[in-house]
Amino acid sequence: MEIASKYNPAETEEKWYSYWMEQKFFRSVPDEREPYTMVIPPPNVTGVLHMGHMLNNTIQDILVRRARMQGKNACWVPGTDHASIATEAKVVNKLQEEGIPKNSLTREEFLKHAWDWTDKHGGIILEQLKKLGASCDWDRTCFTMDEIRSAGVIKVFVDLYRKGHIYRGIRMVNWDPAAKTALSDEEVIYREVQSKLYYIRYQVEGEPDQHVTIATTRPETILGDTAVCVNPNDERFKHLVGKKVLVPLINRPIPVLEDEYVDMEFGTGCLKITPAHDINDYEIGMRHNLESIDILNDDGTLSKAAQLYVGEDRFDVREKIAVDLEKSGNLVKVEDYTNKVGYSERTDAVIEPKLSTQWFLKMSELAKPALKAVMEDEVRFHPPKFKNLYRHWMENVKDWCISRQLWWGHRIPVYYLEDGSYVVAETEDEAVRLAREKTGNNSLTINDLKQDEDVLDTWASSWLWPITVFDGFNPDNKEIDYYYPTNDLVTAPEIIFFWVARMIMAGYEYRGTYPFKNVYFTGIVRDSQRRKMSKSLGNSPEPLELIKKYGADGVRMGMLLCSPAGNDILFDESLTEQGRNFANKIWNAFRLVKSQEVAAGMEQPESSALAVEWFSNKLNQSIETIDSYFEKYRISDALMEIYHLFWDEFSSWYLELIKPAYQQPIDEKTHQATLKFFDDLMRLLHPFMPFITEEIWHHLEHRKEGESIMVSLQPEAKPYNAELLRQFEHVKEAIAGIRNLRQEKNLSPREALKAMVMTGKDGYFERLDPVLKKMANLESVETVGEKVKGAVSFLVKSSEYFIPLDGLINVDEEIAKLEEELKRMKGFLNGVMKKLGNEKFVSNAPVKVVELEKKKKADAEAKIQVLTESIENLKK
RNA sequence: GGGCGAUUAGCUCAGCUGGUUCAGAGCACCUGCCUUACAAGCAGGGGGUCAAUGGUUCGAAUCCAUUAUCGCCCA
């Protein structure tokens, strides 16, 4: 069979993914096996795959594939989320381009456009995940706005309302004037910006020569001022308290008040109070029963209440009013000033604090069990450093503003009667029934009720995801009992509050237990300069292009190699290149094994027998290590262990050891053992690199239709001979010593050498001579009782190896080399002696530690003796 | 301003509750090799006062305190 010397991923990936799909290997239905469940963090339905998804889903796929290969009933549920604000914004933009303003459409018409958009663009991202190899149960694909998920959201709203957790209130909310909706606190990003501090003079009413000066970054808001406030301890303004001052330009009189909140040091010590447009002012306004004048429209232009600049944008007005204040003599000065301004996460518009009526969910009760669960490790965080962050947030949790002034989403199931009172119901029929009960008017129909115009925050559906994907609010459905709670959740720390915390709350509230046992936090994918990957920077590689270039396996491995849990990953294409190179290494190792001609009846060489014995032990040791890494969710370490096992131990040592001489066949026994090792290695690696492992697994022997590595079992760790492994490491050292020497003396690897060993207490094992001879190309190894003259020597532990090299030895150089080593050993011994000479150490340290020091001492002494003798010998 | 976390090789990071020659890994780097599985490779090699200072201890990368720098969260 002719096999290409370069592995070509494109040829195999398509083939095997189709095969897995056809064979329904990703499908899970409840059975008697132990379930392993995971739900995907639903990406935005109209989004496209980015590097963060690649990392996140690679890790999920590794976990789920491994669980499947451990014989569990593995179920990974995929799906998308409707992303209320982002999707609505996209649809609005698209309509805008077509010349259709949103407000020219009815709600129903708009939603039709939104659904069309969703049907057209939705799920592209899931198709892209297939290219990565994701083994989701696609038959279960969910959408946060499909029927089952929507029903759950509405049911929960009604339930929480009836439990008294949901209330309607007037609050200062974060208003996004671009999206024209309220945002939760978590959706606001604060950024430091260069702005200006305007000092503005207010005249005291009736006293034209008396003034107060306030400082503000937002001069346009003075039109909404309803007071000026000073600190009660501030002697400078005592005489003004109780008087009124006039708002410049409009000359509206407002009182001068005292409030502890005012910082005497900041600005002028006088604070203007605009309750409708600042959260702190609002609170002060509440304390002093001040009027709130809302001078802004929903789109960020000034309203009639402002009196001036009506209909103009807030930022234009800021410039204009400064000029006008200057003209009127009210502008004292303008200073440069750095402050933090909130921006919308979705639209990047500057957030307006705005008073409005919204729906809120009380968090304090729901948070309690969720906090406890994480602090007591009922839900385990990986890495645990995120527990602190979580606790801090949960202990200071604020009520959740769950309404959004949008159309795309779950419409709030609140129905208003004509008098402004309302009923909350899952269906219109129920609403009518409740309304009739409430009013006693049995002639009421749905036409007399008006449903709330707003929709729920997207997270109000995502937080139920682990329940709703299994139709968990349907009492007739038993599936949820089998799959819930799920096992692992893989997500980003950025959404620990948005999503993780809330899912835990919902889990306890609606299932009485946690939604997932483990949360694995991935890092943020950044570029090599630590910048976040973003479209605007153009520093994000196109994931599908990467897959084309390096193969899905290569990309998966590249993503994972440098991404310990919770740490940001600094992505660089060289990582995926390393992944591709590894795939190629595997491919070539396979080519070697496959191309070997097997000779029936040929006797197994001793070196091969030893190689098989050694590698079999090595393999078991590695499996044990890999298992323990997985237990600790140290997934990249597990991969590194396999990488090392395959590349260094298997390819560089084992395969070289069993390699027959040029054009010679290999014996049956060794060949069979090698195939078995290869099989085990492919299984270990399969969760990480599913495609190449499947391809090779099918080449290793004839497989029947319907067989696949992905439904085979992981090799299990068996006991191993640690002493043999230790001895082998010493032989490797001796081999490296000889190779090093060849390089130094410019000796061809093909030239066979002789070796003599003066055995010490450790470092030489006769049984492994065949290994030594084969790998170092020695024609003989013999043990000697004394130093060999005319030979170069080196030490492994206390055994001295000699390679006779008449005429090639530079005595001075050899002596210098040995003396340096001797010096190092003496220094080491010195340190050990100091420790052992310390009475306190000997009496306080554990026996084991002391014993160890004694052994170190003995080893060092033995080595020193050998070195000293060698030096003397050379000097003769 | 309040809180949390970090600082270990050129880069990215391991190093759990102090004690194996503990100072590690991968990449990068240097030297020699196109040796018929693989140059996407092989063999060999160099490299760090564990941020600084002080303390606890027989013993500190590891524990404590202070400082510096950086990051994140909250206000």
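Protein chains get the first letters and strands the later ones, always in sequence-line order, with residue 1 at the start of each.
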Original post:
Between the side-chain atoms of A:E656 and the base atoms of B:A43, is any donor-acceptor pair under 3.5 Å?
Top reply: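 Checked by distance alone, the answer is no.
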
Side chain of [X] only, heavy atoms from C-beta on: which candidate in [options] is closest?
X: A:R739; options: B:G44, B:G41, B:U20; value: B:G44
X: A:Y643; options: B:C27, B:A43, B:A75; value: B:C27
X: A:R634; options: B:U20, B:G15, B:C42; value: B:G15
X: A:Q578; options: B:G26, B:A40, B:A37; value: B:G26
X: A:L389; options: B:A37, B:C73, B:U31; value: B:C73
X: A:L655; options: B:A25, B:A37, B:G19; value: B:A37
X: A:A845; options: B:G19, B:A75, B:C38; value: B:G19
X: A:K6; options: B:C58, B:A40, B:A37; value: B:A40
X: A:N581; options: B:A75, B:A40, B:G26; value: B:A40
X: A:Q743; options: B:A43, B:C42, B:A37; value: B:A43

Tell which nucleotide pairs with [N], taking only Watson-Crick or G-U wobble pairs whose two distances are both under 3.5 angstrom.
N: B:C42; value: B:G32
N: B:G10; value: B:C27
N: B:G18; value: none
N: B:A51; value: B:U67
N: B:G1; value: B:C74

Over all strands shown, is [X] touching base, sugar-phosphate only, or nothing at heavy-atom distances under 4.0 angstrom?
X: A:R750; value: sugar-phosphate
X: A:S652; value: sugar-phosphate
X: A:K855; value: nothing
X: A:R580; value: base
X: A:A736; value: sugar-phosphate
X: A:M825; value: base
X: A:E395; value: nothing
X: A:N388; value: sugar-phosphate

Original post:
What orientation do A:W499 and A:W459 show, parallel under 30°, tilted 30 to 60°, or perpendicular over 60°?
Top reply: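 If you compare the ring of A:W499 with that of A:W459, the planes turn out tilted.
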
Check whether any side-chain nitrogen or oxygen of [X] sits under 4.0 Å from OP1 or OP2 of [N], and answer yes or no.
X: A:N740; N: B:A43; result: no
X: A:W653; N: B:A43; result: no
X: A:K585; N: B:C42; result: yes
X: A:K659; N: B:A37; result: yes

Original post:
More 5' along RNA chain B: A:P749 or A:H392, using each one's nearest nucleotide?
Top reply: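 Final value for this comparison: A:H392.
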
**OP:** Would you mind telling me which residue lines up with the more 5' stretch of RNA chain B, A:I735 or A:S651, judged by nearest nucleotide?
**Re:**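 The residue whose closest nucleotide sits nearer the 5' end is A:S651.
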
Original post:
Under a 4.0 Å N-O cut-off, is there an ion pair linking A:E853 with A:K857?
Top reply: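 No, no charged N to carboxylate O under 4.0 Å.
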
Original post:
Is A:R726 salt-bridged to A:D762, cutoff N-O under 4.0 Å?
Top reply: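 Salt bridge present between A:R726 and A:D762.
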
Whole angstrom is fine here: how far is it from [atom1] in [X] over to [atom2] in [N]?
X: A:N8; N: B:A40; atom1: CG; atom2: P; value: 16 Å
X: A:R391; N: B:C4; atom1: CZ; atom2: P; value: 9 Å
X: A:D648; N: B:G44; atom1: CG; atom2: C1'; value: 14 Å
X: A:Y633; N: B:A14; atom1: OH; atom2: C1'; value: 20 Å
X: A:L592; N: B:C42; atom1: CG; atom2: P; value: 13 Å
X: A:I586; N: B:A40; atom1: CD1; atom2: C1'; value: 12 Å
X: A:Q663; N: B:U35; atom1: CD; atom2: P; value: 15 Å
X: A:E641; N: B:G24; atom1: CD; atom2: C1'; value: 14 Å

**OP:** Answer yes or no: is there a side-chain heavy-atom contact under 4.5 Å between A:Y654 and A:L645?
**Re:**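 No. Closest side-chain heavy atoms not under 4.5 Å.
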
So which heavy atom on [X] is nearest to which on [Y], and how close?
X: A:F571; Y: A:L575; answer: CA-CD1, 4.3 Å
X: A:I273; Y: A:I284; answer: CD1-CD1, 3.9 Å
X: A:Y633; Y: A:N518; answer: OH-ND2, 2.9 Å

Original post:
Among A:K745, A:R750, A:Q743, A:E744, whose side-chain contact (heavy atoms from CB on, under 4.5 Å) with A:L747 holds?
Top reply: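 Of the listed residues A:K745, A:R750, A:Q743, A:E744, the side-chain contact (heavy atoms from CB on, under 4.5 Å) partner of A:L747 is A:K745.
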
[atom1] spacing across the pair [N] / [M], given as an integer number of angstrom:
N: B:G19; M: B:G59; atom1: C1'; answer: 7 Å
N: B:G3; M: B:U8; atom1: P; answer: 25 Å
N: B:A23; M: B:C50; atom1: C1'; answer: 8 Å
N: B:A14; M: B:G55; atom1: C1'; answer: 28 Å
N: B:C22; M: B:C16; atom1: P; answer: 14 Å
N: B:U17; M: B:U53; atom1: P; answer: 24 Å
N: B:C27; M: B:A40; atom1: C1'; answer: 15 Å
N: B:A9; M: B:A25; atom1: C1'; answer: 11 Å

Subject >> ring-ring contact (aromatic ring centres under 6.0 Å, His included) partner of A:F615, the single match among A:F650, A:F646, A:W653 >> reply: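 Exactly one candidate clears the test, A:F650.
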
